[in-house]
Visitor: 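Structure in structure tokens, see below.
None of the values given here were measured: they were computed from a predicted structure. Computed from heavy atoms alone, side chains included, the values below leave out hydrogens, waters and symmetry copies. A, B, ... follow the sequence lines: proteins, then strands. Residue 1 opens every chain.
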Amino acid sequence: MRVPISHETTWHYINLFKLNTSIFVNNDENNIFYIKENRVYSDMNRNGVFKSIYPAFNLKYSERYKQWLNLQRRVYNKYLHSLSPDLRKEIIETKPYYSKAIEVLDKLSYLDAYESVGLSKDAISMLSYLDGCTQYLSLSLPEILHEYYTADFDFTYRIAEDMINLPNSLYAALCDKNKYGYTNLDKDKLGQIKIKMNTPIEGIYELPSEKGISLNYVESSTTKKVQEKFDYIICAIPFTSLRKLEVKPAFTEIKTKAINELNSTPFKFMPNSAPL
Amino acid sequence: MKCLNICLRKRKELRISITLLISSALLRILRQFVPLGHGKNVKVAVIGAGEAGLAAAYELRKQVVISHYLRQVIESEEEFTPIILTVARNIMETLEL
């Protein structure tokens, strides 16, 4: 799995548990493009793309002699670099409301953006092959800019051996089996923790009569349905799973909308939501 | 759901767990609500044992000032899995694959 440098929370735990990482190679000059039965090196200096790929598309005169990265960059120049730094950072912010300029972006798909910078259909088609984003043209532009802005494709690493080393290290720390877990802390003062695996949650209910939250789940050993009261609940499951849980009282309309629409096409800037 | 199927990150590999970020935000929120140093046992449940849930439990346990609190991590799967796999499984269930 790729870990971009901008994913600081992930890096915090990678560093904490001293996990080894190695470079995740995204681009290499020896990569080979295979497009419309032409096989060429991706290295720009070898001009293979110019000689073999460009002629395979019906490009406009103004497009034929421009490097494909420069053609692609037109989108970023128009929609990202032209924004002021303050506006630009809104792309990666979660806010209740966004500036007009960002709202305009929100209405565009990646394909719309290509078309709006004057590229021909064949040029767009060629770029989508070269960039490997054929199936992403229908995605919203902010989704692309969101990753481009934070250089997610440029500086990437992977956890050596396997990504599972990260949850494994956290789990080991919770079981006091990781020496890097709780350094400088007295083990006796750490809180108690109980981990229940194979325990599907069915619902989360706020108790009207008393302070607290009730959780309904199926006990793995007995397969009996259990209702347990907690003071607080942290929901650390994906929205796709959260949608399946019964939650009473129901979330507010705007929160439900956010939960239902997140990870759906097209991407939309969602309002800042209150605690679940 | 369509977005997950054609997720940008699939261009190179599986999605990175954004829920780690959510977890840290949740912790910040929780700290505002938990009456620190209360003295009595407070039960906190963390639902999900992916990176986000385990990180949340790790951070909660570390807070010496609330060391009297009981925490519990509840996971629906038999083995704890990275959240990305859970997402993938949910998609498959939805699409009845």
Visitor: Rounded to the nearest 0.5 Å, what separates atom OG1 in Thr9(A) from atom CD in Glu51(B)?
Guide: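 Here the rounded value is 12.0 Å.
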
Visitor: Mind checking whether Tyr58(B) and Phe17(A) have parallel, tilted or perpendicular rings, split at 30° and 60°?
Guide: perpendicular

Visitor: Once rounded to the nearest 0.5 Å, what's the spacing between atom OH of Tyr13(A) and atom CD of Glu59(B)?
Guide: 3.5 Å

Visitor: For Ala45(B) versus Leu215(A), what's the shortest heavy-atom pair and its separation?
Guide: CB-CD2, 4.0 Å

Visitor: Please evaluate residues Ile234(A) and Leu60(B) with respect to the criterion side-chain contact (heavy atoms from CB on, under 4.5 Å), reporting the C-alpha separation (whole Å), side-chain torsions for both, the decisive distance (0.1 Å), and the verdict.
Guide: CA-CA 11 Å; Ile234(A) 297 178; Leu60(B) 271 174; 3.8 Å; yes

Visitor: Between Ala57(B) and Ile193(A), what is the shortest heavy-atom contact and its length?
Guide: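 So the two residues come closest at CB-CD1, 3.6 Å.
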
Visitor: Is the closest side-chain heavy-atom distance between Ile47(B) and Ile204(A) below 4.5 Å?
Guide: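 Yes, at least one pair of side-chain atoms sits under 4.5 Å.
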
Visitor: Inspect the surroundings of NZ in Lys229(A) and state if more than 12 heavy atoms from other residues, nucleotides or ligands are less than 6.0 Å away.
Guide: yes

Visitor: Is the shortest side-chain heavy-atom distance between Val44(B) and Asp231(A) below 4.5 Å?
Guide: no

Visitor: Report, as yes or no, whether the 6.0 Å neighbourhood of atom CD on Glu161(A) holds more than 12 heavy atoms from other residues, nucleotides or ligands.
Guide: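 Result for CD/Glu161(A): open.
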
Visitor: Answer yes or no: are there more than 12 heavy-atom neighbours, outside Phe33(A) itself, under 6.0 Å from its atom CZ?
Guide: yes

Visitor: Kindly give the heavy-atom pair with the smallest separation between Val46(B) and Ala236(A), and that separation in Å.
Guide: CG1-CB, 4.4 Å

Visitor: Identify the two heavy atoms, one from Ile237(A) and one from Gly48(B), that lie closest to each other, and give their separation to 0.1 Å.
Guide: CG2-CA, 3.8 Å

